Amino acid sequence: MSGEELSFVNEAFASNWIAPLGPHVDAFEKEVAEFVGVRHAAALSSGTAAIHLGLRLLGLERGEEVLCSTFTFSASANPILYEGGKPVFIDSESSSWNMDPGLLREELDACAARGRLPRAVIVVDLYGQCADYDSILEACARYEVPVLQDSAEAIGATYKGRMAGAQGRLGVFSFNGNKIITTSGGGMLVSDDEQIIEGARFLATQARDPAPHYEHSALGFNYRMSNVLAGIGRAQLRALPDRIAARRRNFEDYRDVLGAVPGIAFMPLAANGNGNFWLTCITIDPARFGASREDVRLALQAHNIESRPAWKPLHLQPVFAGCRSRRGDFAAAIFERGLCLPSGSDLSSADLERICGIILATAKHTAGSR
Ligand SMILES: Cc1ncc(COP(=O)(O)O)c(C=O)c1O
């Protein structure tokens with residue numbers, strides 16, 4: 001927390017707005033929309049809820065396909081299954097590890113040739129860095145397929161001078177506890193399309209029709225953000241620039257020490273904008289480094305330091321078995337070798353030095369024990 005959250009929370013308590021609506025919710029929506037540079041935003045209980053409602057409002061129907069990045073967290077695609085849709089996974093490209101626009105184009109052409117276009121394309125801005133939207137939007141515009149932009153990890157990143165979340169027809173953010181800013185749990189759906197955002201607020205509050213009694217003509221959800229949590233979010237949003245600066249420092253410190261080490265490579269920085277440096281990720285080539293990704297992860301764990309393998313691609317996840325995918329070998333290779341390093345906004349230079357020391361020592365120990 002940044003320290004300012006308590007005054008917003010106290011305000012919520014003092015005004016007795018302890019509900020999934022209230023002045024902080026309204027203000028947080030307005031502030032996020034202004035920050036992102038879109039007209040409208042709906043504050044929700046999670047990023048997953050935002051993707052779910054987004055798909056519903058784009059009209060996803062049972063049996064329809066939705067194309068989705070394969071290299072991501074399962075929450076990007078789970079809502080496709082909630083609605084009875086069929087995910088089709090698209091591999092990543094090497095310059096940002098995000099969805100490969102060439103493969104997307106191929107898949108859209110193939111769908112068009114079969115006469116069954118997907119209902120939407122979910123494009124993920126992985127680890128806080130935007131995908132190649134010029135190429136992706138051009139491919140989708142050809143067939144008038146809308147893009148739902150999963151910027152859950154990327155708030156504050158930019159693409160060609162515009163904030164992440166503003167490129168797709170709909171944008172999604174997560175304020176889960178592990179994100180760069182958090183409301184402990186929460187999400188936001190953003191768009192220039194007022195009707196969609198109004199629709200999201202309606203569905204998120206149990207789809208209550210305007211009537212003095214409880215009248216429902218659509219299936220609703222309990223997906224609204226609480227006024228208390230929105231207060232936390234307002235303070236967190238103010239802290240975002242400092243968080244991005246801190247996480248960029250993490251990345252630079254890691255790169256200074258590990259950047260030239262044979263067998264270690266950093267997730268490439270995309271040329272089209274600035275990331276928010278949510279997580280610093282590396283790949284480890286065991287033949288050249290002298291230890292594997294798993295050797296390094298376990299060495300850090302032995303010192304009580306948490307690191308994580310890169311996302312296991314969704315086309316390899318048992319829950320999505322049987323779903324089609326367009327390639328997938330690039331993401332699979334990154335999964336084999338990728339490691340997300342400790343990346344908290346409060347890491348000190350001494351912490352980073354210690355982590356790098358353990359990583360470097362792993363190669364020596366592993367080589368020595370062979
Ligand atoms: C890429 C991605 N999409 C969606 C989500 C889901 O967000 P939430 O945890 O707020 O439901 C997350 C993170 O949790 C994520 O990393």
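When a ligand or atom number is given, it counts from 1 through the structure's own listing order. What you are looking at is a predicted structure, and each value in this text was computed from that prediction instead of being measured. We're numbering straight along the sequence, starting at 1.
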*Asks:* Evaluate the criterion ring pair (Phe, Tyr, Trp, His ring centres under 6.0 Å) for residue pair Phe71 and Trp311; output intermediate values, then yes/no.
*Replies:* CA-CA 6 Å; Phe71 195 27; Trp311 296 127; 8.2 Å; no
*Asks:* Run the numbers on Gln206 and His216 for side-chain hydrogen bond (donor to acceptor under 3.5 Å, both in side chains), then give the verdict.
*Replies:* CA-CA 8 Å; Gln206 305 286 22; His216 306 272; over 6 Å; no
*Asks:* Taking 4.0 angstrom as the limit and counting only heavy atoms of Gly186, give me the atoms of ligand 1 inside it, by number and element.
*Replies:* 10 (O)
*Asks:* Do me a favour and list the nearest non-hydrogen protein atom to atom 9 (O) of ligand 1 with residue, atom name and distance?
*Replies:* Asn176 ND2, 3.5 Å
*Asks:* Would you say Asp109 and Arg142 make side-chain contact, with heavy atoms under 4.5 Å?
*Replies:* yes
*Asks:* Could you identify the single nearest non-hydrogen protein atom to atom 14 (O) of ligand 1 and state the distance to 0.1 Å?
*Replies:* Lys179 NZ, 2.9 Å
*Asks:* Under 4.0 Å from any heavy atom of Ala75, which atoms of ligand 1 are there?
*Replies:* 4 (C), 5 (C), 6 (C)
*Asks:* Supply the atom-to-atom distance Asn274 CG to Cys130 SG, rounded to the nearest 0.5 angstrom.
*Replies:* 10.0 Å
*Asks:* Show me which atoms of ligand 1 lie under 4.0 Å from any heavy atom of Ser76.
*Replies:* 1 (C), 2 (C), 3 (N)
*Asks:* Within this structure, what is the CZ-SG distance for the pair Phe320 and Cys68, rounded to the nearest 0.5 Å?
*Replies:* 7.5 Å
*Asks:* Which residue owns the protein heavy atom closest to atom 1 (C) of ligand 1, what's the atom, and how far is it?
*Replies:* Glu153 OE2, 3.3 Å
*Asks:* Need the ligand 1 atom indices (1-based, order shown) with element for anything under 4.0 Å from a heavy-atom of Ala152.
*Replies:* 2 (C), 3 (N), 4 (C), 5 (C), 12 (C), 15 (C)
*Asks:* Quick one: which ligand 1 atoms are inside 4.0 Å of a heavy atom on Thr48?
*Replies:* 6 (C), 7 (O), 8 (P), 11 (O)
*Asks:* Mind checking whether Phe175 and Phe28 have parallel, tilted or perpendicular rings, split at 30° and 60°?
*Replies:* tilted
*Asks:* Would you say ligand 1 has an N or O under 3.5 Å from any N or O of Ser174?
*Replies:* yes
*Asks:* Is a donor on one side and an acceptor on the other found under 3.5 Å between the side chain of Thr70 and the backbone of Leu314?
*Replies:* yes
*Asks:* With a 4.5 Å limit on heavy-atom distance, are the side chains of Arg354 and Ile305 in contact?
*Replies:* yes
*Asks:* Would you mind telling me if ligand 1 is within reach of the side chain of Ser46, the backbone, both or neither, using heavy atoms under 4.0 Å?
*Replies:* both
*Asks:* Can you tell which part of Thr72 has a heavy atom less than 4.0 Å from ligand 1: side chain, backbone, both or neither?
*Replies:* side chain
*Asks:* Students should be able to answer this: which protein heavy-atom is nearest to atom 3 (N) of ligand 1, and at what distance?
*Replies:* Asp150 OD2, 2.7 Å
